[in-house]
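All residue numbers in this chain count up from 1 along the given sequence.
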Amino acid sequence: MKEKIKKLFENGRGVIFALFILQFIVTIFITPNRHDDAWFLEQVTGRSSIEFALSRYSTWTSRLILEITECLVLKTSKYLWVLIESLMFALARIFNIKNIYKKRRESTK
């Protein structure tokens, strides 16, 4: 059993999985009723998502897809929001780690 755990952490997958679990646990205690999340939740509670999308498109087009996705997720379920946020956190760490190793390999050439 120890060898399986050691092997899991040697290739980095265990670390990413541990970060995902840690982020999931921390995020589950955060309520999406504060700061930006509260504002987005308020915007789609009183009106349809299409109305919100049209108003945001006229003022801030570059973030439209992100904001609509956040609104739909917040409207659907807190736990879906927690899962997606934790997954994005883990994916960001994966890409950071890959870029660090890529830069190290390039600098040693």
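Once rounded to the nearest 0.5 Å, the distance linking CH2 of Trp81 with OG1 of Thr27 reads 6.5 Å. Between Leu19 atom CG and Ile94 atom CD1 the span is 9.5 Å, to the nearest 0.5 Å.
When all heavy atoms are compared, the tightest approach of Tyr57 to Leu64 is CD1-CD2, 3.7 Å.
Looking at residues two or more places apart in sequence or on another chain, you find no side-chain contact (heavy atoms from CB on, under 4.5 Å) involving Ala92. Residues satisfying the side-chain contact (heavy atoms from CB on, under 4.5 Å) criterion with Phe20, sequence neighbours excluded, are Leu83, Ser86, Leu87, Ala90. Every side-chain contact (heavy atoms from CB on, under 4.5 Å) that Ser77 has, sequence neighbours left out, goes to Tyr79, Leu80.
More than 12 heavy atoms of other residues, nucleotides or ligands lie within 6.0 Å of CG in Leu66, so this atom counts as buried by the packing criterion.
At a threshold of 4.5 Å between side-chain heavy atoms, the hydrophobic network of Ile, Leu, Val, Met, Phe, Trp and Tyr places Val26 and Phe89 in two separate groups. Follow the hydrophobic side-chain contacts under 4.5 Å out from Phe17 and you reach Ile84 in the same cluster.
Within the structure, side-chain hydrogen bond (donor to acceptor under 3.5 Å, both in side chains) contacts touching residues 87-97 (residues at least two apart or in different chains) do not occur.
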